[in-house]
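Counting starts at 1 for both ligands and their atoms, in listed order. Since this is a predicted model, take the numbers as computed values, not measurements.
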Amino acid sequence: MKQKFSIAIHGGAGTILREKITKKTDKDYREGLHQSITAGIDILKAGGSALDACTAAVIVMEDSELFNAGKGSVFTNEGTNEMDASIMDGKSKECGAISCVKTVRNPILLAKLIMEKSNHVHLSGEGAEKFAEMHGLAFEDKDYFFTKRRWFQLQTVLAREKEIQETVTILDHDGDDGKHGTVGCVALDNDGNLAAATSSGGMTNKKFNRVGDTPVIGAGNYADNDSCAVSATGHGEYVMRLLTAYDVSAMMLYKNMSLKDSSANAIDKLSKLGGSGGIIAIDKNGTITMPMNTPGMYRASCTNTETEPNVKIFADE
Ligand code: ASP
């Protein structure tokens, strides 16, 4: 019997401009997205859970240099990597989250482990790494997370910061795509269960153990079988103030709004507050929406009625 499913992924939203992207980069990203969503689709087609599909899709992007999560994570001001991630099961409302983890290969697996094997929701820093070690998760040394492209992005931001330091407040985020990104997946499985998973290296040049929206349940990630599953990307400080992912669910539950309207409304609120970003969202009927207020968002979607995933980058595609 054909399994009923629906799945969407994102690899970050931002100032992604056609004129600035080479053919090769365009192709590489589309291939990376295709590979990620296929990992999720394979699980759903075989009757697997939305939770496992989301985890598998996110792992592919964490293992790729292209995306700001896992291996491709951006650098902090001190030239280190600090990763955030969270996962949520729409059926049980169980969830797990981590922040400021430095050398765990796949942060999403640690978030899942916390959800399944601890009595907590969110572990951070060294404690989270200790928990990962206790459960035999894979670690990598710092060199694994070093990518020339991200290092160059940090140097560019530092140089710009030095130039403007005397005249204006230092910008922690200027909407430049090179500085941020996140990866995420939302899925509906054949049993009608929803899940969401999100993982991020945060923002280039972040300081003071800054934590973004990604590991904040309800901000960057949320799933509820009665409404929807949502994963966000964009300027985390705004997404956290608005609790964007939960907001989409709340509008559906309390105002009886459709997934599309509540998602569009959540992005409007983000714009009004001055934040940039996008979300991927899926409801219990398998409807998918992926609104953004940025020129682009790396993204892909697929349902059991389609033979191939739809992979997109630019907002007007
Ligand atoms: N939301 C991430 C953060 O603020 C970054 C991004 O998705 O662009 O950490």
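Under 4.0 Å from ligand 1, not a single heavy atom of M83 appears.
Residue pairs meeting the ring-ring contact (aromatic ring centres under 6.0 Å, His included) criterion with at least one member in residues 182-229, sequence neighbours excluded, are Y222-Y246.
No hydrogens or angles considered: a donor-acceptor pair under 3.5 Å links the side chains of S231 and T198.
Any N or O atom pair closer than 3.5 Å counts here, and T233 shares at least one such pair with ligand 1. Checking only distances, G181 does come within under 3.5 Å of ligand 1, N or O to N or O. Looking at ligand 1, you won't find any N or O of A13 less than 3.5 Å from one of its N or O atoms. The shortest N or O to N or O distance between R210 and ligand 1 is under 3.5 Å. For ligand 1, the polar-atom distance check against D213 finds a nitrogen or oxygen pair separated by under 3.5 Å.
Of all atoms in ligand 1, listed by their number and element, those nearer than 4.0 Å to a heavy atom of G234 are 1 (N), 2 (C), 3 (C), 4 (O), 5 (C), 6 (C), 7 (O), 8 (O). Residue G236 approaches ligand 1 through these ligand atoms, each under 4.0 Å from one of its heavy atoms: 4 (O).
The pair K71-E62 does not meet the salt-bridge criterion, since no charged nitrogen lies less than 4.0 angstrom from a carboxylate oxygen. Note on D189 versus K91: no salt bridge recorded, every NZ/NE/NH1/NH2 to OD/OE distance being 4.0 Å or above.
Of the options V239, V216, T182, T294, the smallest heavy-atom separation from atom 7 (O) of ligand 1 is shown by T182.
Ring to ring, F75 and F145 are not that close: their centroids are 6.0 angstrom or more apart.
Both tests pass for R241 against the ring of Y238: distance under 6.0 Å to the centre and angle within 45° of the axis.
Annotation: side-chain contact (heavy atoms from CB on, under 4.5 Å) contacts of R210 (sequence neighbours excluded): M203, K206, E237.
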